[in-house]
Amino acid sequence: MKPGERDEKETEAWTTDQSTQAAEEELPLRSHSLNLQFINQKSSDMSSQLEEAMETLISVFHTYSAREGDKHKLSRRELKDLLQNELGEYLETQKDAGAVDKIMKELDENGDGEVDFQEFVILVASLTVACNTFFCESS
(Lines give C-alpha, C1' and ligand atoms only; values in the text may rest on other atoms or scores of the structure.)
Protein backbone atom coordinates (compact mmCIF):
# COMPACT_ATOMS: atom_id res chain seq x y z
CA MET A 1 0.00 0.00 0.00
CA LYS A 2 1.30 3.47 -0.92
CA PRO A 3 1.72 6.16 1.75
CA GLY A 4 -1.50 8.12 2.20
CA GLU A 5 -3.73 5.34 0.85
CA ARG A 6 -6.39 3.73 3.01
CA ASP A 7 -7.11 0.05 3.11
CA GLU A 8 -10.72 -1.16 2.79
CA LYS A 9 -11.39 -1.22 6.57
CA GLU A 10 -9.97 2.29 7.09
CA THR A 11 -12.08 3.65 4.23
CA GLU A 12 -15.22 2.03 5.62
CA ALA A 13 -14.50 3.40 9.12
CA TRP A 14 -13.83 6.89 7.73
CA THR A 15 -17.03 6.83 5.67
CA THR A 16 -19.04 5.70 8.70
CA ASP A 17 -17.49 8.47 10.83
CA GLN A 18 -18.34 11.08 8.19
CA SER A 19 -21.95 9.85 7.90
CA THR A 20 -22.35 9.82 11.68
CA GLN A 21 -20.88 13.31 11.97
CA ALA A 22 -23.25 14.65 9.29
CA ALA A 23 -26.24 13.05 11.03
CA GLU A 24 -25.15 14.41 14.43
CA GLU A 25 -25.07 17.94 13.04
CA GLU A 26 -28.72 17.59 12.00
CA LEU A 27 -29.92 16.58 15.48
CA PRO A 28 -31.42 19.33 17.63
CA LEU A 29 -29.30 18.24 20.61
CA ARG A 30 -26.33 20.36 21.68
CA SER A 31 -24.22 17.44 22.81
CA HIS A 32 -24.64 13.72 23.12
CA SER A 33 -22.59 10.59 23.21
CA LEU A 34 -25.07 8.19 21.65
CA ASN A 35 -24.05 6.20 18.61
CA LEU A 36 -26.46 7.34 15.91
CA GLN A 37 -26.19 4.07 14.06
CA PHE A 38 -27.63 2.35 17.13
CA ILE A 39 -30.53 4.80 17.21
CA ASN A 40 -31.24 4.30 13.52
CA GLN A 41 -31.33 0.51 13.96
CA LYS A 42 -34.14 0.58 16.54
CA SER A 43 -36.76 -2.09 16.37
CA SER A 44 -40.16 -1.38 17.87
CA ASP A 45 -40.64 -5.08 18.58
CA MET A 46 -37.47 -5.21 20.66
CA SER A 47 -37.61 -1.80 22.40
CA SER A 48 -37.31 -1.70 26.15
CA GLN A 49 -39.63 0.45 28.24
CA LEU A 50 -36.89 3.06 28.63
CA GLU A 51 -36.20 3.13 24.88
CA GLU A 52 -39.91 3.59 24.22
CA ALA A 53 -40.02 6.38 26.80
CA MET A 54 -37.11 8.12 25.06
CA GLU A 55 -38.80 7.77 21.67
CA THR A 56 -42.02 9.18 23.12
CA LEU A 57 -40.18 12.12 24.69
CA ILE A 58 -38.57 12.97 21.35
CA SER A 59 -41.82 12.50 19.44
CA VAL A 60 -43.89 14.66 21.81
CA PHE A 61 -41.31 17.47 21.70
CA HIS A 62 -41.21 17.52 17.91
CA THR A 63 -45.00 17.24 17.58
CA TYR A 64 -45.32 20.57 19.38
CA SER A 65 -42.12 22.25 18.18
CA ALA A 66 -43.07 21.77 14.51
CA ARG A 67 -46.24 23.85 14.79
CA GLU A 68 -44.68 27.29 14.24
CA GLY A 69 -41.32 28.98 13.78
CA ASP A 70 -38.16 26.98 14.43
CA LYS A 71 -39.11 23.31 14.21
CA HIS A 72 -36.38 22.38 16.68
CA LYS A 73 -37.54 24.73 19.46
CA LEU A 74 -40.72 25.36 21.41
CA SER A 75 -42.13 28.87 21.31
CA ARG A 76 -44.01 30.16 24.36
CA ARG A 77 -47.31 29.16 22.75
CA GLU A 78 -46.05 25.68 21.81
CA LEU A 79 -44.68 25.18 25.32
CA LYS A 80 -48.00 26.24 26.83
CA ASP A 81 -49.92 23.79 24.62
CA LEU A 82 -47.49 20.98 25.45
CA LEU A 83 -47.68 21.65 29.20
CA GLN A 84 -51.46 21.79 29.22
CA ASN A 85 -52.02 18.78 26.96
CA GLU A 86 -49.22 16.49 28.05
CA LEU A 87 -48.48 17.44 31.67
CA GLY A 88 -51.78 18.89 32.84
CA GLU A 89 -52.04 16.36 35.68
CA TYR A 90 -48.62 17.29 37.07
CA LEU A 91 -48.65 21.04 36.54
CA GLU A 92 -51.30 23.49 37.57
CA THR A 93 -50.70 25.77 34.59
CA GLN A 94 -54.42 26.36 34.12
CA LYS A 95 -54.75 27.92 37.59
CA ASP A 96 -51.66 30.16 37.39
CA ALA A 97 -51.70 32.45 34.37
CA GLY A 98 -48.00 33.25 34.78
CA ALA A 99 -46.91 29.63 35.18
CA VAL A 100 -45.87 29.20 31.54
CA ASP A 101 -43.84 32.42 31.65
CA LYS A 102 -42.12 31.28 34.86
CA ILE A 103 -41.32 27.86 33.41
CA MET A 104 -40.13 29.41 30.13
CA LYS A 105 -37.84 31.82 31.99
CA GLU A 106 -36.33 29.02 34.08
CA LEU A 107 -35.83 26.66 31.13
CA ASP A 108 -34.56 29.12 28.54
CA GLU A 109 -30.86 28.89 29.46
CA ASN A 110 -29.61 30.72 26.38
CA GLY A 111 -32.21 33.51 26.60
CA ASP A 112 -33.51 33.16 23.04
CA GLY A 113 -37.18 33.13 24.10
CA GLU A 114 -37.63 29.52 23.01
CA VAL A 115 -37.06 26.13 24.61
CA ASP A 116 -34.83 23.69 22.73
CA PHE A 117 -34.86 19.92 23.23
CA GLN A 118 -32.12 19.91 25.86
CA GLU A 119 -33.91 22.59 27.88
CA PHE A 120 -37.16 20.61 27.54
CA VAL A 121 -35.51 17.42 28.79
CA ILE A 122 -34.37 19.32 31.89
CA LEU A 123 -38.03 20.11 32.64
CA VAL A 124 -39.10 16.49 32.18
CA ALA A 125 -36.18 15.21 34.27
CA SER A 126 -36.95 17.70 37.06
CA LEU A 127 -40.61 16.71 37.10
CA THR A 128 -39.65 13.03 37.12
CA VAL A 129 -37.34 13.55 40.09
CA ALA A 130 -40.06 15.48 41.94
CA CYS A 131 -42.63 12.74 41.24
CA ASN A 132 -40.20 10.06 42.38
CA THR A 133 -39.47 11.96 45.60
CA PHE A 134 -43.17 12.38 46.26
CA PHE A 135 -43.82 8.70 45.52
CA CYS A 136 -40.99 7.58 47.82
CA GLU A 137 -42.16 9.83 50.65
CA SER A 138 -45.75 8.62 50.24
CA SER A 139 -44.91 4.93 50.56
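By convention here, the first residue in the shown sequence is residue 1. Just so it is clear, the values below take in all heavy atoms, side chains as well, and ignore hydrogens, waters and symmetry mates.
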Quick one: are D116 and E109 in side-chain contact, heavy atoms under 4.5 Å?
no

Sequence-distant partners of E68, salt bridge (Lys or Arg N to Asp or Glu O under 4.0 Å), two or more places apart:
R77

Should H72 and S65 count as side-chain neighbours, where that means a heavy-atom distance under 4.5 Å?
no

How long is the span from the CG atom in L82 to the CZ atom in R67, to the nearest 0.5 Å?
8.0 Å

Flag, side chain of E78 to backbone of S75, donor-acceptor distance under 3.5 Å:
yes

Are side-chain heavy atoms of E119 and N110 found at a separation under 4.5 Å?
yes

Got a sec, which residues hit salt bridge (Lys or Arg N to Asp or Glu O under 4.0 Å) with D112, two or more places apart in sequence or on another chain?
K73

Distance (rounded to the nearest 0.5 Å) between L50 CG and M54 CE
6.0 Å

Looking at side-chain heavy atoms only, is the closest gap between H62 and I58 below 4.5 Å?
yes

Nearest 0.5 Å, please: how far is CG in N85 from NZ in K80?
11.0 Å

Quick check: do E114 and L74 have side-chain heavy atoms less than 4.5 Å from each other?
no

So, for M104 and L79, which heavy atoms are closest and what is the spacing to 0.1 Å?
SD-CD2, 3.9 Å

With a 4.5 Å cut-off on side-chain heavy atoms, are L123 and L83 touching?
yes

Would you say the side-chain atoms of S59 pair up with the backbone N or O of E55, donor to acceptor, closer than 3.5 Å?
no

In Å and rounded to the nearest 0.5 Å, what is the CG to CD1 distance from L87 to I103?
8.5 Å

Sequence neighbours excluded, which residues qualify as ring-ring contact (aromatic ring centres under 6.0 Å, His included) partners of F120?
F61

Short question: side chain of E51, backbone of S48 - any donor-acceptor pair under 3.5 Å?
yes

